[in-house]
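First the structure, in the form of structure tokens, and then the observations on it.
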Number of protein chains: 2
Amino acid sequence: MKLSTKGRYGVRAMFDLALHYGEGTTPLRSIAERQNISEHYLEQLIAVLRKSGLVNSVRGAHGGYLLAKEPPEITIGDIIRALEGPIAPSDCVAEDVEKDCENIEECITRLIWKQLQESINEVLDSISLEDLRQEAINAKQKDGHHGYLYHI
Amino acid sequence: MKLSTKGRYGVRAMFDLALHYGEGTTPLRSIAERQNISEHYLEQLIAVLRKSGLVNSVRGAHGGYLLAKEPPEITIGDIIRALEGPIAPSDCVAEDVEKDCENIEECITRLIWKQLQESINEVLDSISLEDLRQEAINAKQKDGHHGYLYHI
DNA sequence: AGAAAACCAACAAAAATAGTCGGGATTAAA
DNA sequence: TTTAATCCCGACTATTTTTGTTGGTTTTCT
């Protein structure tokens, strides 16, 4: 029950773009440096996000990436599903798969995975990039020097 | 965001034991056959469940496994956490790990993983083996011939 | 032209997953 | 007392997924 770096890096990259929303394009190198992620690896992830219609790109010098929609219109769920595939704790609850349960016990445990799937989607779809942006603004106001408010 | 077979097989095995609760021990082979899971692989999983105090074992001929507590006292969360480790979408929200976020963005995305973790645990801890047992009884009553009610 | 960037495809190391294999220890029953 | 059923244990292995790396090509601004 863990997200891979794909999802986590992807969310951070999109969050980074959200913080620079309205300022034109952001080159991948800047995102990678700020977020401390391998640039080439992030390239692969953002390619997926582009193909999913979540970011646009501008090629050439002074090019870069930018959000394809406004921050309130992009949810964490959109990002995670693009990068990690549909959220399905078990294959039998994935939308595109038609798989028969082999026995009644399997059918019943399926109820669990269905509930879990719905709950996860609900949480992830309830948080938009705008929400994160607001959190960041609040955090900075409370603690001027970039303050690591949420350390464990 | 997918559970491995460890968690899913484990839940099915425990469910199987719940359906036979009060009937003494159940040999692993029976569980493996009914649930169509490799016996040797399931052995490894049930060893973990035993060490976690969720099942007891009886060695020797006519031995087998049985639930260590009553079905209402065992939740799906107990089983999943035993087999897959603590539910933590990101390491920074795992209880045993003290990891500093490296920048403010990472700290803010952490809020997502924390919310997600809580939601997942809530769902999984709200379902007990007894709940599944009741579902099974209902399903059988409605459809006498072992009826695959929950097919997609 | 030159530099900055996106874009692309193949490769590869490391880790996790999903088992398999072979035997040893324990116990009930014949 | 042997035998069969069963749990117990450790080592091995194949496959897949993750997490990148390498080395380019193309596009566009200055």
Side-chain angles (χ1 to χ4, degrees), chain A residues 1-13 16-17 20 23-52 54-68 80 83-86 88-91, chain B residues 1-13 17 20 23-52 54-68 80 83-86 88-91 94:
Chain A
M1 242 18 233
K2 209 184 137 190
L3 277 158
S4 70
T5 56
K6 280 183 213 162
R8 299 202 313 277
Y9 288 0
V11 168
R12 273 163 59 198
D16 196 297
L17 285 176
H20 298 89
E23 301 172 10
T25 63
T26 307
L28 193 63
R29 169 160 304 165
S30 313
I31 304 176
E33 274 170 9
R34 276 192 295 263
Q35 301 297 329
N36 199 32
I37 298 171
S38 148
E39 187 185 340
H40 269 300
Y41 185 42
L42 192 52
E43 201 179 323
Q44 289 174 41
L45 306 185
I46 209 157
V48 176
L49 296 173
R50 185 172 51 82
K51 282 163 195 158
S52 306
L54 296 174
V55 301
N56 291 329
S57 64
V58 176
R59 300 186 70 166
H62 284 82
Y65 293 93
L66 64 164
L67 296 184
I80 301 280
L83 289 167
E84 311 230 5
S90 174
D91 280 338
Chain B
M1 245 17 235
K2 210 184 137 190
L3 278 161
S4 69
T5 57
K6 282 182 209 163
R8 301 201 313 275
Y9 288 0
V11 167
R12 273 163 60 198
L17 284 177
H20 296 90
E23 300 173 11
T25 64
T26 307
L28 193 64
R29 167 160 305 164
S30 312
I31 303 176
E33 275 171 6
R34 276 193 295 262
Q35 300 297 328
N36 199 32
I37 299 171
S38 149
E39 188 184 341
H40 270 299
Y41 186 42
L42 192 52
E43 205 179 324
Q44 290 175 39
L45 306 184
I46 209 157
V48 175
L49 296 172
R50 186 172 50 80
K51 282 164 194 158
S52 305
L54 296 174
V55 301
N56 291 329
S57 64
V58 176
R59 300 185 70 168
H62 284 83
Y65 293 93
L66 65 164
L67 296 184
I80 301 281
L83 288 167
E84 309 231 5
S90 174
D91 279 338

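Letters go in sequence order (proteins before strands), and every chain restarts at 1.
The side chain of B/Ala61 lies closest to D/dA4, out of D/dC7, C/dA29, D/dA4. Of all nucleotides listed (D/dC7, C/dG19, C/dA28), C/dG19 comes nearest to the side chain of B/Tyr41. Nearest to the side-chain atoms of B/Tyr9 among the listed nucleotides C/dG22, D/dC29, C/dG19 stands C/dG19. In this structure, of C/dG19, C/dC7, D/dT28, it is C/dC7 that holds the atom nearest to the side chain of A/Tyr65. In this structure, the nucleotide among D/dC7, C/dG19, C/dT17 sitting nearest to the side chain of B/Gln44 is C/dG19. Ranking C/dA29, D/dC8, C/dA6 by closeness to the A/Pro27 side chain, first place goes to C/dA6. Distances from the side chain of A/Ser4 to the nucleotides D/dC9, D/dT18, C/dA5 place D/dT18 closest. Distance from the side chain of A/Glu43 is smallest for C/dC8 among the nucleotides D/dT28, C/dC8, C/dA6.
Using a 4.0 Å heavy-atom criterion, one finds that B/Arg50 contacts the sugar-phosphate atoms exclusively. Across all strands, A/Gly60 comes closer than 4.0 Å to base atoms (heavy-atom distances).
Residue A/Arg59 places no side-chain atom within donor-acceptor reach of the base of C/dA5, judged by atom type and a 3.5 Å distance cut-off alone.
For the pair A/Lys6 and A/Glu84, the salt-bridge criterion is not met [side-chain N within less than 4.0 Å of a carboxylate O].
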